[in-house]
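Down below is the structure, laid out as structure tokens.
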Protein chains: 2
Amino acid sequence: MLENNHAVVKFRKGDSIIKQGVFSTNVIFLRKGLAKIHITGPYREQIVRLIKAPTYLGLPTTLGNKINQYSVTAVLDSEVCFIDIDVFKRVLEENREFSSYIILELSKSELEAYRRCANRTQKQTRGKLADVLLDFSENIFNSDEFVLPVSQSDIGNWVDSGRESINRVLSEFAADGIIEMTGREVRIRDKKLLKMVSQNG
Amino acid sequence: MLENNHAVVKFRKGDSIIKQGVFSTNVIFLRKGLAKIHITGPYREQIVRLIKAPTYLGLPTTLGNKINQYSVTAVLDSEVCFIDIDVFKRVLEENREFSSYIILELSKSELEAYRRCANRTQKQTRGKLADVLLDFSENIFNSDEFVLPVSQSDIGNWVDSGRESINRVLSEFAADGIIEMTGREVRIRDKKLLKMVSQNG
DNA sequence: ATTTTTTTGTGATATATGTCACATTTTTAT
DNA sequence: ATAAAAATGTGACATATATCACAAAAAAAT
């Protein structure tokens, strides 16, 4: 049913997929690619998480309130399906397994949000940046070598540090032999040490 | 059905309702009272939110993973229903409205978590404390007069500031005539100003 | 190709807030 | 009632990191 009721759209990196404040009648399924979820804070736009395909986007928004509550922007070239909300809701009602799955996903997101919150508020820049690198390596790219998909400013914004601090710590990591960097290419050289930095300062 | 399959238990303030890391086979419904959700962070225990009745507790935990992923502690005397997970799941499957309701709740939580995150990382102590006071006044107690249900240390921990900073800013607010304080009793005197402080520094 | 915009690299400086220390008060337990 | 523990009030001080200010490099747009 969902197969028959969606349109596939491609987004280039940097393109806006969901815009906060805009009325929406679609659930969005991120089929391929990587995106950032960001929200308008009291002073600046803030990245709250990076999310990789496959996943649904904008569920909280769409199910609760037709106005998008946050923005989503492609960070890498991505492929997205637009699914009409009503169709989606019907499937949700008719398919128990599907609704269980969605409940599970939402539950996980909530837990993740709590954990992220505790991490981001307790650690300082070195630890937070280590987390980000480990996240890229272990969850997003599944490799010790990868190209940073976001700018240093974005990383700073995401983990609540200044762009400059991120830059400095990145150089520090390179100097300490934890990573190797060529432009935005990162190669993790000493994962053990990186994990230590993530845990301790 | 849920009516027939639950046990009501009373908790005194300070009592632990859910303990992180413990195996659990119950969904918990907070019937009356107020509780704090806290999670073990990298360095210390961190309060992630205050949650007031009526609400379900531990959904993300229970539905995803039988091990409690966070702790919940009563902040005021509370009344709680324990509902067997399997019963809960059956109701979830059989009652579409109920499952829609749960999905909606989870969605809201997620959004709230995002917003809180942006707020807490961008504002400084004055603004964050103003938020807390407004939250007590407008969401939790629905009154301009209330008794702080948590210690200053807890507030500090919750909004990611030191206990001492909270104390100082509280005195500052009192000196500025924004609030009046007698022990833990707070009376909001100038809500407009308080909102200004919440928005600006 | 050339220009414009966005990123990145790095130093100097300011500051909000954490941290320590200790006195006092309040609450809880015995 | 009394002792013990937790919470509060305040001063002094240290420090991680934000912020500003430029220069250089890279990427994007024309």
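Lettering follows sequence order; numbering is per chain, from 1.
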Would you say B:Thr125 reaches C:dA16's phosphate, i.e. side-chain N/O to OP1/OP2 under 4.0 Å? no
Starting at atom CE of A:Met181, determine the distance to atom P of C:dT7, rounded to an integer number of angstrom. 15 Å
Check the phosphate of D:dA18 against A:Ser165, side-chain N and O only, distance under 4.0 Å to OP1 or OP2. Yes or no? yes
Short side-chain N/O contact from B:Asn167 to OP1 or OP2 of D:dT8, under 4.0 Å: no
Quick one: which of C:dA16, C:dT8, D:dA16 gets closest to the side chain of A:Gln124? D:dA16
Of A:Ser161 and B:Ser151, whose nearest nucleotide on DNA chain D comes first from the 5' end? B:Ser151
Of the nucleotides C:dA21, D:dA7, D:dA28, which has the atom closest to the B:Glu164 side chain? C:dA21
Could you check how far NZ of B:Lys128 sits from P of C:dA16, rounded to whole Å? 14 Å
CZ of B:Arg168 versus C1' of C:dC20: gap in Å, rounded? 11 Å
Quickly, which of A:Ile155, A:Val197, A:Leu134 forms a side-chain contact (heavy atoms from CB on, under 4.5 Å) with A:Leu129? Name it, please. A:Ile155
Taking the minimum atom-to-atom distance to the side chain of B:Gln152, which one of D:dA18, C:dT10, D:dG9 wins? D:dG9
Which whole-number value in Å describes the distance from A:Arg184 CZ to C:dT8 C1'? 10 Å
On DNA chain D, compare the nucleotides closest to A:Gly162 and B:Leu170; which residue's is nearer the 5' end? B:Leu170
In whole angstroms, the gap separating C1' of C:dT17 from CD of B:Gln122 amounts to 18 Å
Would B:Arg120 pass as a cation-pi partner of B:Trp158, given that its NZ or CZ must be under 6.0 Å from the six-membered ring centre and within 45 degrees of the axis? yes
Scan B:Arg12 against the nucleic acid and name what it touches under 4.0 Å (heavy atoms): base, sugar-phosphate only, or nothing. nothing
Whole angstroms only, please: what is the CD1-P distance between B:Ile166 and D:dA6? 21 Å
Minimum heavy-atom separation for B:Asp84 and B:Asp86, please, with both atom names. OD2-N, 3.0 Å
Would you call B:Arg90 and B:Glu93 a salt bridge, using N to O less than 4.0 angstrom? no
For B:Asp154, answer base if it contacts any base atom (sugar-phosphate contacts may also be present), sugar-phosphate if it contacts only those atoms, and nothing otherwise; contact means non-hydrogen atoms under 4.0 Å. nothing
Rounded to the Å, how far apart are A:Lys13 NZ and D:dA29 P? 11 Å
Taking every heavy atom of B:Val27 against every heavy atom of B:Leu57, the minimum-distance pair comes out as CG1-O, 4.4 Å
In whole angstroms, how far is the P atom of C:dT7 from the CD atom of A:Glu185? 19 Å
